[in-house]
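FYI, side chains are in, hydrogens and waters are out, and symmetry mates aren't considered; it's all heavy atoms of this structure. As the structure is a computational prediction, the values presented were derived from the model and not from experiment.
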Amino acid sequence: MPESAMPIIFRLLLPLLLAVLSVGCSQERNLLEQVKDEGELRVLTRNAATTYFEGPEGQHRGLEYELALGFAEHLGVKLDMVVAGNVSEVLTDLAEGKAHLAAAGLTVTEPRQVWARFTTPYQYISQQLVYRIGTPRPRDLEELDGILEVLAESSHAERLRRLKVEQPTLEWVENDELESEELLTLVWERVIDYTVIDSNELSMNRRFYPELRVAFDLTEPEPLAWAFPRFQDESLYNAAQEYFAAIKADGRLEQLLERYYGHLGEFDYVGTRTYLRHIQQRLPEFQPLFEYAAQEYGLDWRLLAAMAYQESHWNPDAVSPTGVRGIMMLTRDTADYLGVEKRTDPVESIMGGARYYDRLRRKLPERIQEPDRTWMAVASYNIGFGHLEDARVITQRRGGDADAWKDVKESLPLLRKRKWYRQTKHGYARGNEAARYVENIRSYYEILVWQQEQQKPDEPEPNKALEIANPVL
């Protein structure tokens, strides 16, 4: 039988009540003043693609991380991310006062609102029941035939408890050791039959597990928000509310959501399966070349490989109807400009493509920050630097930020509209294709990064790459 919600609430409330009694009414500084005086904001989170993780180059990333970093900068203090093992630990650690707030992809639920004060929502998600192809798709909870496992003390478990009132035969297992992404893996490996996951987490992860499917939604859209202990003064909470109001008003929140979710789009099962197969069958032949070329120009070889896949599916003999060819699909003019003599030679093509991308990236104004700088350079590889600049000019005229990829991406399709391209220097261009081009590469790149993390890569072969690449140097 699932655990009742009441003991959880009492366990969370008790440390908070004790903290209030111990502080009493003699405290002179409010919580916001304490944080500023100490110069540090402690934020509880959990490791997940939707919250907080270490990026390919060792840098910290994640929507919750960037939101928390922005709040710390807003307060003028340093950020200390405290990583809990799972949702259960996040809730318990927050109640025990181990951090000032929790930014961990927490759904706002009635039981949690008893002990926590939630900020204005920054995102909405739905709870979804997930199964794997090969298992009969259940149309509702009554048709479940197998093991349903969810995170302990999660909003998913709370939802199942409420549903059990109407459906007493409903059974499930609550796991207090794994995270939701790990439960997805168990479904994919057929260790369990079903799990429940938030829609944003599934959209990020189903590219890695293309056989997973959504059976049905358990909820209508629900809000995600930061949690503050209810039994403390509201000064820090009010500052967070002001911060969220500011980033919603100036577009920063929308840009962050685009950064992590804007490229996901509609899931393509066939394309994803083909890509995963090509990673195993085609990539090993060219990986040393991508690594060497990337090292020469200070790039991430996985980005270069993702661009090549979008261009040619790693086929060195690829030819388009417009005459571009090779693994990096260079035009004749671009090849001449780069000194590439034979476009279908994978060595020349990869080195030439890396050199061309590097030059495009360097031409962008230095004020454009990452990752916007990377995606704009990738777009210009497809559409041309002049057309990218036209899109940036249109972005300015429309009141957007010409240095933000999110705003420029929205302007690119306007290069097809006479009203807009007549105002530009370089005229008509298929800007919508360039926008889609970048989004595809973002997905290909993230899948490659994920593949690298799942299995320890073979030792690099720099000497082999050098030997192959030397002829074009």
**Q** Closest approach of W405 and L412, non-hydrogen atoms and distance?
**A**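 Minimum heavy-atom separation between W405 and L412: CH2-CD1, 3.7 Å.
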**Q** Might you point out which heavy atoms bring L360 and A377 nearest each other, and give the distance in Å?
**A**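 Closest approach of L360 to A377: CD1-O, 4.1 Å.
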**Q** Which atom names give the shortest non-hydrogen contact between E201 and A48, and what distance separates them?
**A** OE1-CB, 4.3 Å
**Q** To the nearest 0.5 angstrom, please state how far the OG1 atom of T274 sits from the CD1 atom of I279.
**A** 11.0 Å
**Q** Do NZ/NE/NH1/NH2 and the carboxylate oxygens of D358 and R355 come within less than 4.0 Å?
**A** no
**Q** Do we see a donor-acceptor contact under 3.5 Å between the side chains of E73 and Y243?
**A** no
**Q** Decide salt bridge (charged side-chain N to carboxylate O under 4.0 Å, His left out) for E370 and R373; before the verdict, give the C-alpha distance in whole Å, the side-chain angles of both, and the deciding distance to 0.1 Å.
**A** CA-CA 5 Å; E370 293 292 357; R373 187 179 191 83; 5.0 Å; no
**Q** If you count heavy atoms of other groups shown closer than 6.0 angstrom to CD of E366, is the number above 12?
**A**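 Count not over threshold, so no.
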**Q** To the nearest 0.5 Å, what is the distance between CD (E153) and CG (L91)?
**A** 6.5 Å
**Q** Evaluate the side-chain contact (heavy atoms from CB on, under 4.5 Å) criterion for residues L63 and T50: first the C-alpha distance (whole Å), next the side-chain angles of each, then the deciding distance (0.1 Å), finally the verdict.
**A** CA-CA 6 Å; L63 176 62; T50 55; over 6 Å; no
**Q** Find out whether the Lys NZ or Arg CZ of R430 is both under 6.0 angstrom from the six-membered ring centre of Y437 and within 45° of the ring's axis.
**A** no
**Q** Is there a donor-acceptor pair closer than 3.5 Å between any side-chain N or O of S312 and the backbone N or O of I327?
**A**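 Looks like yes, one N/O pair under 3.5 Å.
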**Q** To the nearest 0.5 Å, what is the distance between CG on D403 and CD on Q369?
**A** 9.0 Å
**Q** Take a 6.0 Å sphere around CZ of R252 and say whether it holds more than 12 heavy atoms from other residues, nucleotides or ligands.
**A**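 Yes, enclosed.
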**Q** Is a side-chain N or O of Q423 found less than 3.5 angstrom from the main chain of K419, in a donor-acceptor match?
**A** yes
**Q** For the atom pair CZ (F286) and OG (S349), what is the distance rounded to the nearest 0.5 Å?
**A**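 Going from CZ on F286 over to OG on S349, the span is 9.5 Å.
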**Q** A quick test of your reading: do over 12 heavy atoms of other residues, nucleotides or ligands sit less than 6.0 Å from CZ of R398?
**A** yes
**Q** May I ask you to check if R359 and Y337 form a cation-pi contact, with NZ or CZ under 6.0 angstrom from the six-membered ring centre and within 45° of the axis?
**A**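 Judged by the rule, R359 and Y337 form a cation-pi pair.
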**Q** Any chance CD of E254 has more than 12 other-residue heavy atoms, nucleotides or ligands included, within less than 6.0 Å?
**A**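 It does not: E254 CD has 12 such atoms or fewer within range.
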**Q** Would you compute the distance between atom CG of D217 and atom CD1 of I125 and round it to the nearest 0.5 angstrom?
**A**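 Going from the CG atom of D217 to the CD1 atom of I125 covers 9.5 Å.
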**Q** Quick check: do R302 and Y444 have side-chain heavy atoms less than 4.5 Å from each other?
**A** no
**Q** Looking at A116 and A227, what are the two nearest heavy atoms and their distance?
**A**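 Of all heavy-atom pairs spanning A116 and A227, the closest is CB-CB, 4.2 Å.
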**Q** Between atom CG of D268 and atom OG of S443, what is the distance when rounded to the nearest 0.5 Å?
**A** 10.0 Å
**Q** Looking at Y237, F71, F118, which hits ring pair (Phe, Tyr, Trp, His ring centres under 6.0 Å) with F228?
**A** Y237
**Q** Which one of Y445, F208, F53 satisfies the ring pair (Phe, Tyr, Trp, His ring centres under 6.0 Å) criterion with W450?
**A** F208
**Q** Atom NZ of residue position K78 - does it have more than 12 heavy atoms of other residues, nucleotides or ligands inside 6.0 Å?
**A** no
**Q** Tell me every residue that passes side-chain hydrogen bond (donor to acceptor under 3.5 Å, both in side chains) with R277, counting only those two or more places apart in sequence or in another chain.
**A**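 By the side-chain hydrogen bond (donor to acceptor under 3.5 Å, both in side chains) rule, R277 matches no residue at all.
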**Q** Whether E182 and R46 form a salt bridge (side-chain N of Lys/Arg under 4.0 Å from carboxylate O of Asp/Glu) is what I want to check.
**A** no
**Q** Below 4.0 angstrom, N of the basic side chain to O of the carboxylate: do K406 and E410 qualify?
**A**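 Answer for the salt bridge query: yes.
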**Q** For R436 and N432, which I'm curious about, is there any donor-acceptor pair between the side chains at under 3.5 Å?
**A**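 Their side chains do not contain a donor-acceptor pair, so the 3.5 Å distance test is not met.
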**Q** Looking at every non-hydrogen atom in both residues, tell me the closest pair between M328 and A308 and how far apart they are.
**A** SD-CB, 3.4 Å
**Q** Has R392 got a side-chain atom pairing as donor or acceptor with A402's backbone, closer than 3.5 angstrom?
**A** yes
**Q** Using a 4.5 Å cut-off on heavy atoms from C-beta on, say whether the side chain of V130 contacts that of L183.
**A** no
**Q** Consider only side-chain N and O atoms of E66 and Y260, and report whether a donor and an acceptor are under 3.5 Å apart.
**A**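 Yes - a donor-acceptor pair under 3.5 Å links their side chains.
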**Q** So R397 and V393, side-chain contact (heavy atoms from CB on, under 4.5 Å) or not? Walk me through it.
**A** CA-CA 6 Å; R397 290 174 181 171; V393 170; 3.6 Å; yes
**Q** Does R139 reach the side chain of F216, with side-chain heavy atoms less than 4.5 Å apart?
**A**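 In short, these two side chains do not touch, never coming nearer than 4.5 Å.
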**Q** With a 4.5 Å limit on heavy-atom distance, are the side chains of L160 and L148 in contact?
**A**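 Yes, side chains in contact.
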**Q** Are the side chains of Y65 and L79 in contact, using a 4.5 Å heavy-atom criterion?
**A** yes
**Q** Would you say E64 and T45 are linked by a side-chain donor-acceptor pair, where the criterion is simply a distance under 3.5 Å?
**A** no
**Q** With no hydrogens and no angle check, do the side chains of E158 and T109 hold a donor and an acceptor under 3.5 Å apart?
**A**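 Result is yes, a qualifying pair exists.
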**Q** What I'd like to find out is whether the side chain of T219 reaches to under 4.5 Å of the side chain of S126, using heavy atoms alone.
**A**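 T219 reaches S126 side chain to side chain.
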**Q** Let me see the working for L388 and Y381 under side-chain contact (heavy atoms from CB on, under 4.5 Å), right down to the final yes or no.
**A** CA-CA 9 Å; L388 176 75; Y381 188 98; over 6 Å; no
**Q** Has R137 got a side-chain atom pairing as donor or acceptor with A215's backbone, closer than 3.5 angstrom?
**A** yes
**Q** Test W314 against Y275 for ring pair (Phe, Tyr, Trp, His ring centres under 6.0 Å), laying out the working first.
**A** CA-CA 10 Å; W314 298 324; Y275 179 53; 5.8 Å; yes
**Q** So, the side chain of T119 versus the backbone of W226: is there a donor-acceptor pair under 3.5 Å, distance only?
**A** yes
**Q** So, applying side chain to side chain donor-acceptor pair (under 3.5 Å) with D198, which one of Q123, Q128, H156, Q127 is it?
**A**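 The option that passes is H156.
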**Q** Determine whether a donor-acceptor pair (N or O, by modelled atom type, separation under 3.5 Å) exists between the side chain of Q255 and the backbone of A404.
**A**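 Checked: no pair found.
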**Q** Mind listing the closest non-hydrogen atom pair of E149 and T195 along with its distance?
**A** O-OG1, 2.7 Å
**Q** With salt bridge (charged side-chain N to carboxylate O under 4.0 Å, His left out) as the criterion, how do E389 and K425 come out once you've worked through the C-alpha distance, each side chain's angles and the decisive distance to 0.1 Å?
**A** CA-CA 9 Å; E389 287 298 288; K425 181 178 180 181; over 6 Å; no
**Q** Are W188 and E211 close enough that a side-chain donor and a side-chain acceptor fall under 3.5 Å?
**A**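 On atom types as modelled, these side chains qualify, holding a pair under 3.5 Å.
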**Q** Sub-3.5 Å donor-acceptor pair from the side chain of D193 to the main-chain atoms of I147, do we have one?
**A**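 Checked: pair present.
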**Q** Quick one: does R343's side chain have a donor or acceptor within less than 3.5 Å of a partner on A335's backbone?
**A**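 Looks like no, no N/O pair under 3.5 Å.
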**Q** With a 4.5 Å cut-off on side-chain heavy atoms, are V324 and T334 touching?
**A** no
**Q** May I ask you to decide if P210's main-chain N or O and R273's side chain share a donor-acceptor pair within less than 3.5 Å?
**A**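 Here the side-chain-to-backbone pair does not exist.
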**Q** Could you tell me whether the side chain of D407 and the main chain of D401 form a donor-acceptor pair under 3.5 Å?
**A** yes
**Q** Side chains of I247 and D250: closer than 4.5 Å at any heavy-atom pair?
**A** yes
